[in-house]
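Heads up: the structure comes next, in structure tokens.
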Protein chains: 2
Amino acid sequence: MSQMLQIHDQLREMILSLDLGPGERLTERWLESRFEGSRTPIRAALVRLEGEELVRRDGRNWIVAPIDLGELEALAEFRIPLETTAVRFACARASETDIAGVEEMLDACQSGAPREEWHRVGTDFHVEIARLSGNPFIVKAIAGAMTRLSRARWLEVWTEPSREQAWREHRRILGFIKANDPEAAAREAADHITDTRDRLLRSLNEDRRGLRARGFAVIGLR
Amino acid sequence: MSQMLQIHDQLREMILSLDLGPGERLTERWLESRFEGSRTPIRAALVRLEGEELVRRDGRNWIVAPIDLGELEALAEFRIPLETTAVRFACARASETDIAGVEEMLDACQSGAPREEWHRVGTDFHVEIARLSGNPFIVKAIAGAMTRLSRARWLEVWTEPSREQAWREHRRILGFIKANDPEAAAREAADHITDTRDRLLRSLNEDRRGLRARGFAVIGLR
DNA sequence: CGGTCTTGTTTGGGATACCAATTCGGGATA
DNA sequence: TATCCCGAATTGGTATCCCAAACAAGACCG
């Protein structure tokens, strides 16, 4: 693989894992030494990440895209029509094998699993459901939305019951798809998005102090 | 403005206007002489355009993204839930001034206007409606979808009646938003997307021979 | 003591040099 | 005549170089 793609992937990972703080400045020279490559591939990776909105220009400088907690509501508004559509199409189009694949993914995440695992599966589930719709535009849009949500979800304080709740909802959505009940699946999906949004906002609100202490801008959070 | 952005915009324009044929190979050296800049800003522009899926890698080479007429159906599936949601939010949120702005845009496109004008307004209308929703994610998704549709729409054989039909539908959608009737607006928007998709597919089907003669791959068109 | 101007350093934008890989032609050979 | 092989030319990938603008620190002046 080209060096540029390696740098892109590594940097992307560092940003999404909050290894690089939101708003943090990135100088091309620092990245140069960090990744032991010259500026050319680094600049290409930055331009690419800019397209994914994980990195942004601040005047002439590069910064890690800040987390705007205010966009959580808009994100839910965006996801609901798309994901309800996705599950409806999934009912009509997904094969039993495809559905079983998603089921396995959920099963593979046991209660003892590390936090990273829960986080990843919690994101991938939605993308995989979108994939069942057979519509590549829906898949890409959902994947993008989940990426934007990803960092905020790291900030969430996960309690055992809330995590269990989310997993129950995932299983219910999948169950309705399996039972070929598109309207129930759509209703469940919409409720799930609303619920997780509320859980996330409540958690972030209760933890404002902790967030500030960790250096995160709480601007945008009502 | 930076040279890279100039190159990006010009190249984008050339691609969307079919000035550069879909699938055509782009060598960095040719672009270098064409835009009288060095490869550095050109590569940045290409990486950026790759993110917009207007340019693509073919092995080690760059090519103008081919038009896949087979994705027209998926595109309509994608747009319907988003645009129906957009008009519903528009009813609840758009100010009369905002609506009047869109109305002006439609009025400005008289029957004597050049084809480019009709093409542009026919695209922008949907983006502006999305903007009325107040949701930036919907706006960006619709803008992206209309961009992907743009080149196929150039291939369409526009007859006077079909163009008039589309414009009537636009006005009806806007009318229902103005009348604050979200469900009627949503129904109208969904019908409009279906109708334009059908018109486009019918036109392209009837003109297969012409398309081939002009060098366009008709693959993907049922 | 405070403000301002200067100057040296650092940054990103662009140009160019170099390299490895791929492509394409032409000529030798069966 | 068809095929294979080798080399020249071209390509994209990477490294490096130069420059102008931004920035920061410090000296100088009021």
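Below, chain A is the first sequence line, B the second, and so on; all start at residue 1.
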TODO: Please find the earliest and latest nucleotides of DNA chain D, in the 5' to 3' direction, that have an atom within less than 4.0 Å of any heavy atom of chain B.
DONE: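 Answer, 5' to 3': D:dT11 to D:dT14.
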Between [Y] and [X], is there a salt bridge with N-O shorter than 4.0 Å?
{"X": "A:R48", "Y": "B:E50", "result": "yes"}
{"X": "A:E28", "Y": "A:R43", "result": "yes"}
{"X": "B:R148", "Y": "B:E53", "result": "yes"}

Just how far, in rounded Å, is [atom2] of [N] from [atom1] of [X]?
{"X": "A:L26", "N": "C:dT11", "atom1": "CG", "atom2": "C1'", "value": "13 Å"}
{"X": "B:R25", "N": "C:dT22", "atom1": "CZ", "atom2": "P", "value": "13 Å"}
{"X": "A:L31", "N": "C:dT10", "atom1": "CG", "atom2": "P", "value": "17 Å"}
{"X": "B:F35", "N": "C:dA15", "atom1": "CZ", "atom2": "P", "value": "14 Å"}
{"X": "A:E28", "N": "C:dT9", "atom1": "CD", "atom2": "C1'", "value": "17 Å"}

Open item on the list: Taking 4.0 Å as the cut-off, does a side-chain nitrogen or oxygen of A:R57 come that near to OP1 or OP2 on C:dT11?
Closed with: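 For C:dT11, neither OP1 nor OP2 has a side-chain N or O of A:R57 closer than 4.0 Å.
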- [ ] Report which part of the nucleic acid B:G59 touches: base, sugar-phosphate, or nothing (heavy-atom distance under 4.0 Å, all strands).
- [x]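 Nothing, no heavy atom under 4.0 Å.
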Task: hbond_proxy A:R60 side chain to C:dT11 base (donor-acceptor, 3.5 Å cutoff) - done: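 It does, because a donor-acceptor pair links the side chain of A:R60 to the base of C:dT11 below 3.5 Å.
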Task: Of A:E32 and B:W62, the one whose closest DNA chain D nucleotide lies more 5' - done: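 Going by which nucleotide is closer to the 5' end, it is B:W62.
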TODO: Name every residue in residues 38-47 of chain B that has at least one heavy atom under 4.0 Å from any atom of DNA chain D, in order of residue number, or write none if there are no such residues.
DONE: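 Of all residues in residues 38-47 of chain B, the ones placing a heavy atom under 4.0 Å from DNA chain D are B:R39, B:R43.
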Open item on the list: To the closest 0.5 Å, what do you measure between OG (A:S133) and CG (A:N135)?
Closed with: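 If I round to the nearest 0.5 Å, the distance is 5.0 Å.
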- [ ] Evaluate the ring planes of B:W158 and B:W154, with Trp represented by its six-membered ring, and classify them as parallel (under 30°), tilted (30 to 60°) or perpendicular (over 60°).
- [x]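 Parallel, since the angle between the ring planes stays under 30°.
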Task: Residue pairs, two or more places apart or on separate chains, that pass side chain to side chain donor-acceptor pair (under 3.5 Å) and touch residues 92-104 of chain A - done: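 Only A:R93-B:E77, A:S95-A:D98, A:E103-A:K178 qualify under side chain to side chain donor-acceptor pair (under 3.5 Å).
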Open item on the list: Is the terminal nitrogen or CZ of A:R56 (NZ for Lys, CZ for Arg) located under 6.0 angstrom from the six-membered ring centre of A:W62 and within 45° of that ring's axis?
Closed with: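 Judged by the rule (NZ or CZ under 6.0 Å from the ring centre, within 45° of its axis), A:R56 is not positioned above A:W62.
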